[in-house]
Amino acid sequence: MKDGESKYAYKKKSAWELFSKAQITSAFAFAEGYKTFLNEAKTEREAVHKIIDAAKKEKKKIVVNREKSAAIILPGKKPVRDGLRIVISHIDSPRLDLKQVPLYQDSESHLALFETHYYGGIKKFQWVVIPLALHGVIVKKDGKKITFSLGEDEKDPVFSVPDLLPHLSHDVQDNKKIDEAIKGESLDIVIGSVPAKGDFKEKIKAAILEKLHTDYNITEEDFISAELEAVPAFMARDVGFDRSLIGAYGQDDRICAYAALHAILDVKNPEYTVLSFFVDKEEIGSEGNASAQASTFLRSLIKELDPRVDVDSVLLKSKVISADVQSAVTPNYTDVFELKNASSLGNGVVMSKYTGHGGKYSANDASAEYVAEIRALLDKAKIPWQTGELGKVDKGGGGTVAKYFSRLGMEVIDLGAPVLSMHSPYEVTSKVDLYSSYLAYLTFLKS
Ligand code: MN
Ligand code: MN
């Protein structure tokens, strides 16, 4: 009672204080592997490949859906009909996608550019004047797939969206609202400037086409059957004098994906059949055949595990952690948070009973019973955790994949790391929250 607080009061505790010295050392070591993962898996397809590699190395069963989603499975002591324990994370992140016919020459500025259509919820002004790398696949008409990654090696060229100098932006940008200052159609990427020799109408475009054909054997039409993503070319780095934080692109939701991957790789002899499920397209509403809404993948997986079971009854008995990030209280903008219920960096994995917006609309609202169960589980294992809610009531909001699984009849709760500057090209997380998330998923899978 030295701080004048009743012993019955709820108090948020720092993970830095709760963890032992040895655990903090483990958290820092865990973060090293995580940074490598972030650097090598900047797209959903690359994340799937890293997950496959890790599963194969540990001789774990993995099922892959279209190079965009995957599930690692470990049978439990109890039969499949008793239900599963599932951790679901998403491996897509906001970025700039190339359009179908992206290449053009801007003859006024004497540059060649790629047209983009942004993917997910971005603040457009954050994506100009930063180095971008291009990742993805180009599929030729004969089905041959060209895997593309340029801008990650320091000897590689990078790409960039230009912005107007301050001397001239007064009328065009400075007096506009911040979300109108940069338009979606202004997020085109500069890709070259040398004109071709010869009698071409657009010489710079002709030179780029020539180069693309020489280097990658592709033509302009091949972009129509491509998925190319411009992502920040930054490497993951430690942030702060104390190196306590990690700055990198794509931590929503690869921080939870990495923690969930290592949790399932490390779990031994679980009670129930356990599954770590990685999905795509969360950032655009979980639509499509590799997303959280494509429940056929999970259904066929259960049927494959035990053909005799009634899949619906297995789903009803299953328990799920929706492993997605939560907003961290942001310095200088604390007004948008209701601080008693907001999560902050360094206080452990965040348990969000509900998501949604304005009147809990569109939320998965976990039952008090399930919240109690998870709370008890985390406390018993001495894992730092905190509650979280995305901002003040009616200030905004957001969703996760939780609702798509709870509607299948499963118990679902959101549990993931807090993130600063979420959806920006440089998101910041805490090493102890990453480690708390890993321990939380591991404990849940074992339970
Ligand atoms: Mn997310
Ligand atoms: Mn997100």
Side-chain angles (χ1 to χ4, degrees), residues 34 37-38 41-44 47-48 51 68-70 86-97 118-124 126-127 229 231-232 246-261 276-288 290-294 320-328 330 336 342-343 345 349-357 362-364 366 388-391 395-406 412-430 433-434 436-438 440-441:
Y34 172 53
F37 177 75
L38 288 172
K42 289 197 175 180
T43 69
E44 56 285 354
V48 163
I51 291 163
K68 292 181 174 189
S69 103
I86 311 175
V87 178
I88 299 156
S89 54
H90 70 90
I91 47 176
D92 60 318
S93 298
R95 67 207 181 221
L96 306 178
D97 281 348
Y118 65 96
Y119 172 97
I122 63 164
K123 290 163 81 170
K124 299 182 188 82
Q126 293 178 337
W127 291 75
E229 308 173 8
V231 296
I246 300 159
Y249 162 72
Q251 300 201 67
D252 171 9
D253 185 32
R254 288 183 205 118
I255 186 165
C256 299
Y258 185 78
L261 169 65
S276 194
F277 193 10
F278 308 91
V279 294
D280 186 25
K281 297 285 186 281
E282 193 277 341
E283 297 295 356
I284 57 166
S286 293
E287 304 292 349
S291 76
Q293 291 206 70
V320 176
I321 279 176
S322 162
D324 204 349
V325 296
Q326 178 57 282
S327 59
T330 313
V336 301
S343 56
L345 292 183
V349 68
V350 187
M351 180 160 62
S352 308
K353 184 177 184 294
Y354 51 86
T355 51
H357 60 271
S362 231
N364 169 62
E389 178 166 348
L390 217 171
K395 273 281 177 209
T400 65
V401 300
K403 60 180 176 179
Y404 306 116
F405 293 94
S406 59
V412 188
I413 190 162
D414 278 296
L415 197 69
V419 174
L420 202 63
S421 313
M422 196 196 292
H423 283 205
S424 80
Y426 208 65
E427 301 174 318
V428 174
T429 60
S430 167
D433 299 333
L434 165 68
S436 305
S437 305
Y438 157 74
Y441 305 152

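We count ligands from 1, going down the list as the structure has it; atoms in each ligand are counted the same way. Position 1 is the first residue of the sequence; numbering continues from there. Owing to the predicted nature of the structure, the values given are computational and were not obtained by experimental measurement.
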Evaluate H423 against D252 for side-chain hydrogen bond (donor to acceptor under 3.5 Å, both in side chains), listing each step before the verdict.
CA-CA 7 Å; H423 283 205; D252 171 9; 2.9 Å; yes
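When each of V320, V412, I321 is tested with I86 by the rule side-chain contact (heavy atoms from CB on, under 4.5 Å), just one qualifies, namely V320.
At a cut-off of 3.5 Å, with distance as the only test, no side-chain donor of S424 or K123 sits close to an acceptor on the other residue. For the residue pair S352 and Q326, a side-chain donor N or O sits within less than 3.5 Å of a side-chain acceptor on the partner.
Here the closest non-hydrogen pair linking A257 and F278 is O-CE2, 3.4 Å.
Salt bridge status for E44 with R95: present, with a side-chain N to carboxylate O gap under 4.0 Å.
Distances from the Mn ion (ligand 2) under 2.8 Å pick out these protein N/O/S atoms: D252 OD2, E283 OE1, E283 OE2, H423 NE2.
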